[in-house]
There are 2 protein chains.
Amino acid sequence: MKVEKVDRRVKYTKYMLKEALVALIREQHISTISVKALCEKADINRSTFYVHYSDPYDLLNQIKNEVLANVMLYLKEQDQDPTGSNFQLTTILEYAKKNSELFETLFSENCDYVFQDDILELSQIISSQYNMDMDETAKKYLKEFGTSGCISVFERWLQDGAKESPEYISEFLKKALQGGIMCFKNPE
Amino acid sequence: MKVEKVDRRVKYTKYMLKEALVALIREQHISTISVKALCEKADINRSTFYVHYSDPYDLLNQIKNEVLANVMLYLKEQDQDPTGSNFQLTTILEYAKKNSELFETLFSENCDYVFQDDILELSQIISSQYNMDMDETAKKYLKEFGTSGCISVFERWLQDGAKESPEYISEFLKKALQGGIMCFKNPE
DNA sequence: TTGTAATCCAACATTATGTCTATTATAATG
DNA sequence: CATTATAATAGACATAATGTTGGATTACAA
């Protein structure tokens with residue numbers, strides 16, 4: 001892994017643009033945010049923006065990748081394998097709670113569901129932990145039901161200030177998933 | 001109820017614009033559709049568009065309202081009370097299947113989730129049919145889990161060509177909802 | 001047929017976009 | 001510290017969509 005040294009000016013520019021975009025997303029939908037307004041908020045020249053990003057969506061995607069990378073890093077710090085299937089959901093929720101303001105913003109409607117897609121993958125890892133011995137159609141829809149349910153509860157939790165503990169939400173989701181599964185399982 | 005007679009020209013204009021918008025939404029996200037392109041597709045003058053709508057989102061909203069009105073009408077035709085809590089979910093699914101191409105489009109990502117919000121209300125009516133005797137927090141999250149799960153399964157069903165019968169999906173959703181609820185219910 | 005009203009057409013100022021170049025400011029390096 | 005490299009800026013530019021307007025044209029309803 002090569003350690004590319006980044007010019008401090010570049011760091012500054014990108015930092016300001018990211019902060020500005022997140023701030024704007026708190027107020028309006030990403031699709032309505034113009035490059036002009038964004039650069040004014042960040043106090044960065046518009047031409048400079050185009051050196052680094054093609055449009056606000058591009059910037060948002062880069063923010064997303066960083067956030068996800070940080071989540072993975074956190075999982076590793078807690079000695080958990082992000083690719084394995086038996087990591088603790090609680091740990092992710094923990095991290096989200098620590099950064100709940102940012103997460104709430106990024107999971108809001110104003111982000112055009114840029115983040116949901118990736119969380120979907122995570123959710124699928126989680127749901128794959130369960131033994132789902134049932135017919136294929138039921139399995140398909142149950143996965144759909146479970147993953148979207150999980151994401152939605154997660155978002156609601158953030159929206160309401162992440163008051164409950166990560167453990168509570170984690171337990172809730174496990175129970176809810178199990179509950180649905182039990183109803184469709186074939187007798188063994 | 002006054003019967004306002006509508007000029008045939010107006011009918012024509014609105015019809016063409018609606019068709020054009022739906023066609024465009026099949027291909028691209030609503031936020032990227034310009035008034036110019038829309039009017040060209042519909043072969044309607046751009047100034048005329050502004051007489052009737054403020055922007056493509058406005059038009060989409062009016063389409064939404066019509067579709068929902070038609071659903072309600074269909075429910076009434078089937079002698080079901082749309083405001084009551086014990087109407088058949090199957091009937092709605094039936095109607096969606098009959099118009100599955102349109103519904104698939106309108107529930108796609110390209111519509112910026114304009115339709116999801118209203119379906120949420122419907123879903124809440126459905127979930128209110130259940131006796132949820134449990135603590136308030138669990139109830140809150142379980143409702144979230146259930147409604148979003150239902151919507152998601154519904155969308156998936158449409159996306160995959162609505163192959164299963166309305167009865168199958170209806171039964172599936174009922175079972176899945178019940179399953180989650182059973183896990184959290186207080187002993188009576 | 002006739003008055004009404006909806007559509008069309010052309011023009012307009014305004015605004016954001018994306019690109020480019022010369023200039024200035026800052027960082028990295030010896 | 002002085003020099004070199006490069007990032008950011010300011011400004012200009014063509015392009016394109018927006019939203020509005022006034023007047024000509026056309027289709028409708030009665």
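Throughout, a chain's letter reflects where its sequence line sits, starting with A, and its residues are numbered from 1. The structure presented is a predicted model; accordingly, all values stated were derived computationally and were not measured.
Nucleotide dT26(D) holds its C1' atom 14 Å from the OH atom of Y12(B), rounded to whole Å. One interatomic measurement links the two molecules: CZ of F49(A) to P of dA8(D), which rounds to 13 Å at whole-angstrom precision. Going from atom OH of Y50(B) over to atom C1' of dT18(D) covers 5 Å, rounded to whole Å. Atom CE in M16(B) sits roughly 14 Å away from atom C1' in dT7(C) (whole-Å rounding). Between the P atom of dG19(D) and the CG atom of L38(B) lies a distance of 12 Å, rounded to the nearest Å. Following rounding to the nearest Å, D43(B) (CG) and dT26(D) (P) show an atom-to-atom distance of 15 Å. If you measure from atom NZ of K36(B) to atom P of dA17(D), you get 5 Å, rounded to the nearest angstrom. If you take CD1 of I44(A) and P of dT26(C), they are 12 Å apart, rounded to a whole angstrom.
Among the atoms of the strands shown, none is found under 4.0 Å from any heavy atom of V51(A). Here S47(A) lies in heavy-atom contact (under 4.0 Å) with a base.
Side-chain to base pairing of R9(A) with dT6(D): one donor and one acceptor N or O lie within less than 3.5 Å of each other.
Side-chain nitrogen and oxygen atoms of R46(A) include none within less than 4.0 Å of the OP1 or OP2 phosphate oxygen of dT9(D). OP1 or OP2 of dC9(C) has at least one side-chain nitrogen or oxygen of N45(B) nearer than 4.0 Å. Under 4.0 angstrom from either OP1 or OP2 of dA17(D) there lies no side-chain N or O belonging to S34(B). Look at H52(A) and you'll find a side-chain N or O under 4.0 angstrom from OP1 or OP2 of dA8(D).
Side-chain atoms of E104(A) and S100(A) include no donor-acceptor pair closer than 3.5 Å. There is no side-chain donor-acceptor pair under 3.5 Å between E167(B) and T90(B).
M182(A) and F145(A) are members of different hydrophobic clusters when ILVMFWY side chains are connected at heavy-atom separations under 4.5 Å.
The aromatic rings of W157(A) and F154(A) sit tilted relative to each other, their planes meeting at an angle between 30° and 60°.
Each of S54(B) and V6(B) was assigned the nucleotide of DNA chain D with the nearest heavy atom; the assignment lying further toward the 5' end belongs to S54(B).
The local environment of CD in Q28(B) is crowded, with over 12 non-hydrogen atoms from other residues, nucleotides or ligands closer than 6.0 Å.
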